[in-house]
Amino acid sequence: MCRLSRLVFALSLFALAPSAMAEEIDDAIALYQSGDHDAAFDAFSGLVADGNGEAMFYIGQMYENGEGTQQNFSNAIRWYRRAAAQDHAEAHFRVGQMFENSVGVPRDFGAAFDSYSAAAALGHQEAELKMAEFYARGLGTYPDVAHAAELLGEAAEAGNQDAFDALIELWDSGQVPKGVLSEDIIARMDAVLAERMAEDSQIEYSDTPSAPIYDESDTATQLRDQIERTLGQFATSAREQGDSFTYVVDVTEEDDGRIVATVREIMALTTEGTWIVDDARMELVPMDSGRYAMTVEFPATTTFYDPSGAEIGGTSIGSQSISGVYAPEINTWTDADGSLSDISVWADDPMDGLFRFDIADVALSLALNEPRPGKWSGPLSIEMSDWAASLEGREVFHLGSLAMDFDYRFVDLVFFNRMNMAMQDVQERMAGMDHPSDAVMAEVQAIGAEIIAFARERAPLMEGFEMSIALSDLMVDDPDSGDRFSLDAMNLGFGMDDADKDEGAIMMAYGHSGLDVPLSPAETDFLPRTVDIVLVMSELPMAEAETMMLEMIEGAMADPEAFEQQAEMALMFMGLGLQQRMAEIGSTMHFERFEIVSDIASASMTGAFTASADSPMMTVGQVRLEVQGLEDAMRRLEAMPNDMDAQDAAQGLAMMQAMGQRIEDGGVVTHIYDLELTPDGRTLLNGNDMSAMMGGMMEP
């Protein structure tokens, strides 16, 4: 073949090649659409060597979906990127989606924005909408609502209905500046909004409940409502601060009654950046008792991005297992067991540096029973271990363990559930209202009256409770001042017995060991090391107290503004009324145990006071106070001549020493103070009439 013939032949092959390649890609696409994914994958693979961007895109899609090959997100984004390099608009868009949603790559709003921008430049309409969304929310770029509206406006005027719908929502938010949109597009949007308002005004309200939106059980509806209400409060709070909080709630119910609720696409947008939160999930399986076995999964991770899309913080839970029994009639758990481990929080602040907080383990347990209808009793415990916080690698906080135990006795969960629901209802009715209308206030007052009537019906609402907190190995190191606080162990307890009866008790106990605080040794010695108090009350007007409280709440509901202005006076009159009633029936407070101990001194008290209408002081009775270490305390304070507070305290202790009866036994000095309030209104201290002095001390 001559040179000219060979040249003509080569040129003819070159001219025919695009047509042949076009036929081959069409054949490969046809195989893919027919569902023959194995053959399609082989066909596309044979075309990529020739630089066919469409084939590269389809291979990426097949890796993403697991079609004709094993699913592999890393391979998917690699092939999407190769197709994008051939100016494939949809490939650019898919890369943006994978970066936005953290599929196969770490979430990176900046990279997502760049990919959407490249796709939009090639005419990809959905990418244009994504760019507008990112500008409006400040994701991967600076927040620019005006530019977002401009992009949506251009797409809407070109006939893109999705862009027009998105633009209406942005316009209705009131954030779009004037002069950005054309008068024509504004007129079209205002017409749609006016039509919506007209449709809303046609809704007829009546006492007849509307048909349920969801075909589901009462429990599923209750669960959905509670989730929506709780998250709705976050969203409302965010809007009030100029931020946004978005989420999607999915509730599904199977034929066997199994309910699954998932909260997904959780995102909080602030001026500082954006929080992205993993899914939260709840599953309820019906039990024979009418209750549900319930499991909960908290979001495993959250991630915080700054406005440029850089990851600067987040949270994670290594493992979790939370299950229990849910009682729909009281909308709470009656039994629960849970454990979480490897909990971490971190934030990289440009000003303060890298902060990290970790908790090794959390365990919780709840076991309530119903000894009387609607009245629940039982324990709740929460234990956490190995807390640690660091700033720029320096440990600033450590806690070895924390245990909290609660014991509830005959708590009316029926009432408290009803009250909680009513409070949520009131919050929803008054949301966003600086000055609620008379109609809204009438509704709120009606709700309040119903709750008060229900409280009277259900009373007594609680018999008592006990709580205790124990912690060990605590350390706090202030990075600013350099002060360090540490504690080997601390225990705190508080409780009430028979709070619903005319006789009851209040208990408090406190103790610590190994305390090291940024104080002088003298000051540290005065800190109480242990406190042990048991006050037994008898002849209490509990029924009258409950009635007075409910009447006061009723008045507050009837005229909230007046109550707000006179709340202090109302409380004072209620206190005076109770005091008068206690004096009439002879309410008594017994100091069954009252002990306070520090490293330098200790005090104990015994005795009782009784309210009396016959006494000018409204109280009679006698108590004995015994103090040890008083003289040592005085000497310690007097040795601090440059500390005016110490000198003032020393003078007070000197007066106290002079007024007491000194007894020494075995080298231990005790000062005794017998305080008596007599029926005729006198105050006796160790038999001496101190009425004049006490009266002078109480004068303003």
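All values derive from a computational prediction rather than experimental measurement.
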Minimum heavy-atom distance between Glu311 and Trp346, given as atom pair plus value:
OE2-CZ2, 3.6 Å
Distance-minimising heavy-atom pair for Pro299 and Ile317
O-CD1, 3.7 Å
Verify side-chain hydrogen bond (donor to acceptor under 3.5 Å, both in side chains) between Glu64 and Tyr80, making sure each step is shown before the conclusion.
CA-CA 10 Å; Glu64 182 179 8; Tyr80 281 151; 2.6 Å; yes
NZ or CZ of Arg418 within 45° of Phe454 ring axis and under 6.0 Å:
yes
Looking at Phe410, does the NZ or CZ of Arg372 lie under 6.0 angstrom from its six-membered ring centre and within 45 degrees of the ring axis?
yes
Determine, step by step, whether Gln161 and Asp165 satisfy the side-chain hydrogen bond (donor to acceptor under 3.5 Å, both in side chains) criterion, reporting the C-alpha distance in whole Å, the side-chain angles of both residues, the deciding distance to 0.1 Å, and the verdict.
CA-CA 6 Å; Gln161 185 61 40; Asp165 293 340; 2.9 Å; yes
If a pair satisfies ring-ring contact (aromatic ring centres under 6.0 Å, His included) and one of its residues is in residues 249-286, list it, with sequence neighbours excluded.
Trp275-Phe304
Between Glu253 and Arg258, is the salt bridge (charged side-chain N to carboxylate O under 4.0 Å, His left out) condition met? List the steps.
CA-CA 6 Å; Glu253 187 168 15; Arg258 175 174 168 269; over 6 Å; no
When the side chains of residues 320-329 are checked against the rest of the protein, which donor-acceptor pairs come out under 3.5 Å, sequence neighbours left out?
residue	atom	partner	partner atom	Å
Gln320	OE1	Phe298	N	2.8
Gln320	NE2	Phe298	O	2.9
Tyr326	OH	Gln222	NE2	2.6
Tyr326	OH	Asn331	OD1	2.6
Glu329	OE2	Arg291	NE	3.2
Glu329	OE2	Arg291	NH2	2.7

In terms of relative ring orientation, are Phe93 and His124 parallel, tilted or perpendicular, with 30° and 60° separating the classes?
parallel
Taking the ring centre of each residue, are [X] and [Y] less than 6.0 Å apart?
X: Phe99; Y: Phe113; result: no
X: Phe465; Y: Tyr408; result: no
X: Tyr58; Y: Tyr32; result: yes

When rounded to the nearest 0.5 Å, the distance separating CG of Leu152 from CD1 of Ile168 is 11.0 Å
Reported CE-to-CE distance for the pair Met404 and Met384, which is rounded to 0.5 angstrom:
4.0 Å
Taking the basic N atoms (NZ, or NE/NH1/NH2) and the acidic carboxylate oxygens, is any pair closer than 4.0 Å for [X] and [Y]?
X: Arg281; Y: Glu283; answer: yes
X: Glu90; Y: Arg94; answer: yes
X: Asp358; Y: Arg356; answer: yes

Evaluate side-chain hydrogen bond (donor to acceptor under 3.5 Å, both in side chains) for Ser341 paired with Asp361, printing each intermediate quantity in order.
CA-CA 4 Å; Ser341 62; Asp361 295 290; 4.6 Å; no
Side-chain donor/acceptor of [X] to backbone N/O of [Y], under 3.5 Å:
X: Thr303; Y: Gly314; answer: no
X: Asp250; Y: Thr262; answer: no
X: Asn65; Y: Glu67; answer: no
X: Lys375; Y: Leu461; answer: no

Please check if atom CG in Asp218 has more than 12 non-hydrogen atoms from other residues, nucleotides or ligands closer than 6.0 Å.
no
May I have the step-by-step check of side-chain hydrogen bond (donor to acceptor under 3.5 Å, both in side chains) for Trp376 and Asp412, ending in yes or no?
CA-CA 6 Å; Trp376 293 80; Asp412 194 306; over 6 Å; no
